[in-house]
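Beneath this line is the structure, given in structure tokens, with notes to follow.
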Amino acid sequence: MARAWQRMLSGRRLDLLDPTPVDIEIEDIAHGLAFVARWNGQTHGDFAYSVAEHSLLVEDIYRRMYKSATPKTRLTALLHDAPEYVIGDMISPVKAAVGPGYGQLDDRLTAAIHIRFGLPAETPKRLKAQIKKADKISAWMEATQIAGFSVAEANKLFGVPDPDVIDGLTIDLRPPVEVRTDFTRRHAALLAQI
């Protein structure tokens with residue numbers, strides 16, 4: 001059988017087909033996500049818009065949308081795309097073309113990551129739907145601010161966001177090292193509150 005593991009910067013050997021929580025480190029996740037570009041790198045600016053930056057924005061939007069959000073649900077929002085630290089980010093049309101294998105791999109990695117940080121292996125449906133709403137608002141912001149979409153096009157694809165939810169939020173592209181640090185810091189702060 002071909003090799004299905006990846007050596008992480010922490011020194012861990014992560015089996016991508018059968019991941020275990022003991023091989024998950026937040027530093028590996030933060031580093032990987034800070035260097036994975038959303039929109040296949042097709043964004044304006046001097047730095048790629050990373051999955052780590054997107055995850056920070058989604059968690060912030062989720063917190064703004066749901067006043068009853070707890071540190072545990074906010075952590076789930078922060079980690080909603082965490083598997084992409086090893087499997088990369090694919091735009092939705094490509095994920096659909098790849099088929100169910102991608103989703104199964106994503107689900108296994110998500111379960112290991114969640115267990116590692118004290119979250120349910122599977123995100124409850126209601127919470128998953130809430131995070132998806134925040135994710136769509138983030139996608140709308142990204143599309144209109146850095147990915148070259150018109151507002152009309154973004155509205156059609158992602159829905160019209162509540163102006164109160166996005167009030168004062170902007171996307172500022174930053175070096176990956178800054179984003180990695182902020183992601184790790186936010187993770188630690190939320191974990192400390194659980």
Side-chain angles (χ1 to χ4, degrees), residues 1-10 12-43 48-62 72-140 142-143 147 157-158 176 179-180 183-184 186-187 190-191:
M1 186 162 137
R3 177 174 71 93
W5 56 268
Q6 179 174 338
R7 168 100 36 217
M8 309 310 295
L9 288 178
S10 64
R12 298 278 189 194
R13 184 186 293 197
L14 181 65
D15 184 332
L16 300 176
L17 300 179
D18 187 22
T20 61
V22 296
D23 291 322
I24 305 292
E25 297 293 341
I26 194 59
E27 292 80 8
D28 293 332
I29 293 171
H31 182 82
L33 294 182
F35 285 90
V36 173
R38 282 191 41 92
W39 303 94
N40 289 329
Q42 299 302 303
T43 53
Y49 184 70
S50 72
V51 175
E53 191 79 79
H54 162 77
S55 298
L56 287 163
L57 181 58
V58 168
E59 187 273 326
D60 196 9
I61 291 168
Y62 170 79
K72 199 172 251 194
T73 61
R74 289 176 58 198
L75 182 59
T76 305
L78 180 68
L79 296 172
H80 79 283
D81 279 340
E84 293 178 9
Y85 85 110
V86 288
I87 59 176
D89 181 41
M90 282 190 244
I91 60 174
S92 297
V94 174
K95 286 180 187 175
V98 169
Y102 181 88
Q104 292 164 358
L105 181 60
D106 187 272
D107 290 345
R108 284 194 297 272
L109 284 162
T110 296
I113 291 164
H114 282 193
I115 292 167
R116 170 67 174 88
F117 299 115
L119 300 171
E122 190 174 330
T123 304
K125 287 182 182 178
R126 181 170 177 264
L127 176 57
K128 195 171 195 167
Q130 291 173 337
I131 293 169
K132 188 65 182 169
K133 285 182 184 177
D135 192 42
K136 281 191 163 197
I137 293 171
S138 176
W140 184 93
E142 295 162 26
L157 291 169
F158 307 111
V179 180
R180 179 183 68 197
F183 185 93
T184 305
R186 178 88 51 92
H187 177 269
L190 291 170
L191 206 55

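Predicted model only: the values in this text are computed from it and were never measured.
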(message) If you apply the rule side-chain contact (heavy atoms from CB on, under 4.5 Å), what do you find for Met8 with Asp23, and how did you get there?
(response) CA-CA 9 Å; Met8 309 310 295; Asp23 291 322; over 6 Å; no
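- A donor-acceptor pair shorter than 3.5 Å cannot be found between the side chains of Asp81 and Ser55.
- A side-chain donor-acceptor contact under 3.5 Å links His80 to the backbone of Ala77.
- For the pair Leu190 and Arg186, the minimum side-chain heavy-atom distance is below 4.5 Å.
- Atoms CG and CD, on Asp135 and Glu142 in that order, are 8.0 Å from each other to the nearest 0.5 Å.
- No more than 12 heavy atoms of other residues, nucleotides or ligands shown are found within 6.0 angstrom of CZ on Arg126.
- Here the closest non-hydrogen pair linking Leu9 and Asp28 is N-OD1, 3.6 Å.
- The distance from atom CG of Leu78 to atom NE2 of His187, rounded to the nearest 0.5 Å, is 7.0 Å.
- For the atom pair CH2 (Trp39) and CG (Asp89), the distance works out to 9.5 Å, reported to the nearest 0.5 Å.
- Comment: Glu25 engages Arg116 in a salt bridge, judged by a side-chain N to carboxylate O separation of less than 4.0 angstrom.
- Taking CG of Asp106 as the start and CD of Glu84 as the end, the distance is 7.0 Å to the nearest 0.5 Å.
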(request) Just do the side-chain contact (heavy atoms from CB on, under 4.5 Å) check on Arg38 and Thr43 with the steps written out, would you? (result) CA-CA 8 Å; Arg38 282 191 41 92; Thr43 53; over 6 Å; no
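- Considering every non-hydrogen atom in both Ser50 and Ala34, the closest pair reads CB-O, 3.4 Å.
- Side chains of Thr20 and Asp15 form no contact here, defined as non-hydrogen atoms less than 4.5 Å apart.
- Atom-to-atom distance recorded for Thr123:OG1 and Gln130:CD is 11.5 Å, nearest 0.5 angstrom.
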(request) Dump the intermediate steps for ring pair (Phe, Tyr, Trp, His ring centres under 6.0 Å) on Phe35 and His31, then the final yes or no. (result) CA-CA 7 Å; Phe35 285 90; His31 182 82; 4.7 Å; yes
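- Here the rule is side chain to side chain contact (heavy atoms under 4.5 Å, CB included) with Tyr85, and of Ile26, Val36, Ile113 only Ile113 fits it.
- Listed here is the closest heavy atom pair of Phe183 and Ala52: CD1-O, 3.9 Å.
- If you take CH2 on Trp140 and CD1 on Ile61, they are separated by 10.5 Å, rounding to the nearest 0.5 Å.
- Looking only at distances, no side-chain donor or acceptor of Ser138 sits under 3.5 Å from a matching main-chain atom of Ala134.
- Under a 3.5 Å cut-off, the side chain of Arg108 and the backbone N or O of Leu16 do not form any donor-acceptor pair.
- Proximity of Leu57 to Tyr49: side-chain heavy atoms (C-beta onward) are separated by under 4.5 Å at one or more points.
- A donor atom on one side chain and an acceptor atom on the other are not found under 3.5 Å apart for Thr76 and Tyr62.
- Side-chain contact check for Leu105 versus Leu109: some heavy-atom pair is nearer than 4.5 Å.
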